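Only one structure is covered here, and it is reproduced in the block below.
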There are 2 protein chains.
Amino acid sequence: MHLEKTRRRGSELEDAILDAAWQVLIELGYAGFTYEAIAARAGTSRPVLYRRWPQRDDLLLATLTRFWWSKPVELPDTGSLRDDVIGFLRNANSARAHILTMISVQLMDYFRASGTNFSELRDKLRVQNRPNSLETMLTRAVERGELPDRPRPDRVVSLPFDLLRHEMLMTMRPVPDDVITGIVDEVWLPLLNS
Amino acid sequence: MHLEKTRRRGSELEDAILDAAWQVLIELGYAGFTYEAIAARAGTSRPVLYRRWPQRDDLLLATLTRFWWSKPVELPDTGSLRDDVIGFLRNANSARAHILTMISVQLMDYFRASGTNFSELRDKLRVQNRPNSLETMLTRAVERGELPDRPRPDRVVSLPFDLLRHEMLMTMRPVPDDVITGIVDEVWLPLLNS
DNA sequence: GCCTTAAGATACGGAGCTGTATCTAACGTT
DNA sequence: AACGTTAGATACAGCTCCGTATCTTAAGGC
């Protein structure tokens, strides 16, 4: 009898709880992010959660911290600027869509209360010394002779990612592929070549 | 005795309720947007609200509809495309900033709960047959011979407004003027002339 | 001045979440 | 094998909001 453990302890239990909290947050949003729902999903009881995270903010912060960088966006290197940026935007779309939606839903109250905003949070969370992906792509394209070597405003460089993020925020869904190609082919590449 | 009315009726009452609903939404967000809070703020009782708006969505939509277009964005006509669009973005910035911030802060929960999103809400609230302002500006510029008469993708036409909105969402503050001129001079005008 | 309408007060049961307390039994340690 | 720790179950009072029902009485039309 009892070949399998019936009770988890320590970090095993804690991991299971944070996994459950993450799922609840994704599925139900902040409104459904209750001790009750999370305990039920984790197969435990509320007192277990209260012992570890007395405030809901503690639990939310622990959950976000754990999953924030779980899916880094990959930067492709195809030998073509267009394929690079489209691939990059696709990766960002699939990897970041959930998290961005989450942030927009969950952290607005925090922003309002603290007086900070989205931009500042991004700056805080940005990995140190991480080269800007779009900048990297442009540098490569210039080296290949695909583009003239001329200075470009930050606003121009970051344009495709800003437009992707705008679309994500507006629809709160994964962005269709034709939006991505539209951003690149109708806006960014013509602008770079102007 | 009783020189003043003690009971409001019809549209007078309805206006007072929607005013109260708007205040509650601004101050407490969607989470606090309850029949209870709104009735209390309006100095009436919940049944009065239920008689008019059986669902909370009805009440929310009525409230948003009432205040969405309370400050229409003016479209300047200066004889120059650049001055037109910069003036327009400035007007939008001052007229829309607080309402857009409100929406982004307060309604994310609603969007998640209802499965709708910001784009769909905009479509619902958009005034019928209202000519697109940027489209109008471009048409004027073409008529003046400022721009060649050639078809332009919707994404290109709406670009400056999308970037302004993106900036508003990211910072949740009125946008500095150099951002507006940057959007126009570094991105839109070069793209239109490419 | 009468009469219909509807505002506003109050009450009700129900649902869901909160935060805490209590008890048991499974777990890891020694 | 004994022991201290703590997971997990359960219970509790309290709170807010829900949706509806009932009753009164003020307002406005005729």
Side-chain angles (χ1 to χ4, degrees), chain A residues 1-63 66 105-106 109-110 113, chain B residues 1-63 106-110 112-114:
Chain A
M1 310 302 110
H2 285 295
L3 292 183
E4 48 187 343
K5 294 193 293 184
T6 61
R7 284 189 186 181
R8 300 152 297 184
R9 291 196 158 221
S11 62
E12 182 193 355
L13 175 62
E14 201 155 312
D15 288 352
I17 293 173
L18 291 181
D19 283 347
W22 179 253
Q23 287 176 30
V24 169
L25 198 51
I26 293 267
E27 285 178 30
L28 305 178
Y30 187 68
F33 191 76
T34 62
Y35 283 90
E36 193 127 332
I38 296 163
R41 172 90 49 144
T44 183
S45 58
R46 284 182 294 125
V48 176
L49 305 198
Y50 277 106
R51 283 170 197 144
R52 288 180 161 71
W53 304 279
Q55 312 287 338
R56 191 195 312 196
D57 279 7
D58 302 334
L59 181 50
L60 177 64
L61 190 61
T63 305
R66 183 174 165 76
V105 174
Q106 316 312 343
D109 277 338
Y110 164 70
Chain B
M1 309 301 110
H2 287 296
L3 291 184
E4 48 187 344
K5 295 192 293 185
T6 61
R7 283 188 188 181
R8 299 151 298 182
R9 291 196 157 221
S11 61
E12 182 194 355
L13 176 62
E14 200 156 314
D15 288 352
I17 293 173
L18 291 181
D19 283 347
W22 179 251
Q23 288 176 30
V24 168
L25 190 56
I26 295 250
E27 285 178 29
L28 305 178
Y30 184 68
F33 191 75
T34 62
Y35 283 90
E36 197 126 334
I38 296 163
R41 172 90 50 144
T44 182
S45 58
R46 283 182 293 127
V48 176
L49 305 197
Y50 277 105
R51 283 171 198 143
R52 289 180 162 71
W53 305 279
Q55 313 285 342
R56 181 152 66 147
D57 279 11
D58 303 333
L59 180 51
L60 179 64
L61 193 61
T63 305
Q106 313 296 11
L107 291 189
M108 286 297 179
D109 277 342
Y110 163 69
R112 178 178 287 281
S114 65

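Below, chains carry the letters A, B, ... as their sequence lines are ordered, and counting in each starts from 1. Just so you know, these numbers come straight off a predicted model, no measurement behind them. These numbers come from the heavy atoms of this one structure, side chains and all, not from hydrogens, waters or symmetry mates.
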statement: From CD1 of B:Ile17 across to P of C:dA7 the rounded distance in Å is 8 Å

message: So if I take every side-chain heavy atom of A:Arg46 and compare against D:dT24, C:dG19, D:dC18, which nucleotide ends up nearest?
response: C:dG19

task: Please report, rounded to the nearest Å, how far the C1' atom of C:dG19 is from the CH2 atom of A:Trp53.
output: 17 Å

- prompt: Between B:Ile38 (CD1) and D:dG19 (P), how many Å, whole number?
  reply: 12 Å

- prompt: If we only count heavy atoms from C-beta on, is the B:Asp15 to B:Arg8 side-chain gap below 4.5 Å?
  reply: no

query: Can B:Trp53 and B:Glu14 be said to form a side chain to side chain contact (heavy atoms under 4.5 Å, CB included), step by step?
result: CA-CA 11 Å; B:Trp53 305 279; B:Glu14 200 156 314; 3.8 Å; yes

field: Side chain to side chain, B:Phe33 and B:Ile38, heavy atoms closer than 4.5 Å
entry: yes

- prompt: B:Pro47 has a side chain; which of D:dC17, D:dA21, C:dG19 sits nearest to it?
  reply: D:dA21

message: Testing A:Asp58, A:Leu13, A:Leu59 one by one against A:Arg52 for a side-chain contact (heavy atoms from CB on, under 4.5 Å), which residue passes?
response: A:Leu13

message: If you compare every side-chain N and O of A:Arg52 against the phosphate oxygens of D:dA7 (OP1, OP2), does one of them come in below 4.0 Å?
response: yes

field: Residue B:Arg7, side-chain heavy atoms: nucleotide from C:dA6, D:dA7, C:dT18 that is nearest
entry: C:dA6

task: Return the value, rounded to whole Å, for the distance between atom CG of A:Leu59 and atom P of C:dG19.
output: 12 Å

message: In whole Å, I'd like the distance from the CG atom of A:Asp58 to the P atom of C:dT18.
response: 14 Å

- request: For B:Glu36 and D:dT20, give me the distance from atom CD to atom P, rounded to whole Å.
  value: 15 Å

Whichever of A:Gln55 and B:Ser45 has its nearest DNA chain C nucleotide further upstream toward 5': B:Ser45

- prompt: Hey, does B:Pro54 reach any base, or is it just sugar-phosphate, or nothing, if we go heavy atoms under 4.0 Å?
  reply: nothing

task: Please tell me which of the listed nucleotides, D:dC17, C:dG19, C:dA7, lies nearest to the side chain of A:Tyr50?
output: C:dG19

- request: For B:Tyr35 and B:Arg56, work out which heavy atoms get closest and say how close.
  value: OH-N, 3.2 Å

task: Output the single nucleotide from C:dT20, D:dA27, D:dG19 whose closest atom is nearest the side chain of B:Arg9.
output: D:dA27

query: Between D:dG19, D:dG8, D:dA11, which nucleotide has the shortest distance from any of its atoms to the side chain of A:Thr44?
result: D:dG8

Interatomic distance where CG belongs to B:Leu49 and C1' belongs to C:dA6 [whole Å]: 14 Å

message: Is the phosphate of C:dG8 approached by B:Arg8 (side-chain N or O, under 4.0 Å from OP1 or OP2)?
response: yes

- prompt: Taking the side chain of B:Leu13 as heavy atoms from C-beta outward, which of D:dC18, C:dC17, C:dG8 is closest to it?
  reply: C:dG8

message: Of the options D:dA7, D:dC12, C:dG8, whose atoms approach the side-chain atoms of A:Val48 most closely?
response: D:dA7

message: In whole Å, I'd like the distance from the CZ atom of B:Arg51 to the C1' atom of C:dG8.
response: 8 Å

message: Quick check for you: to the nearest 0.5 Å, what is the distance between B:Gln23 atom CD and B:Thr63 atom OG1?
response: 11.5 Å

query: Considering only C:dT20, C:dA7, D:dC18, which nucleotide approaches the side chain of B:Arg56 most closely?
result: D:dC18

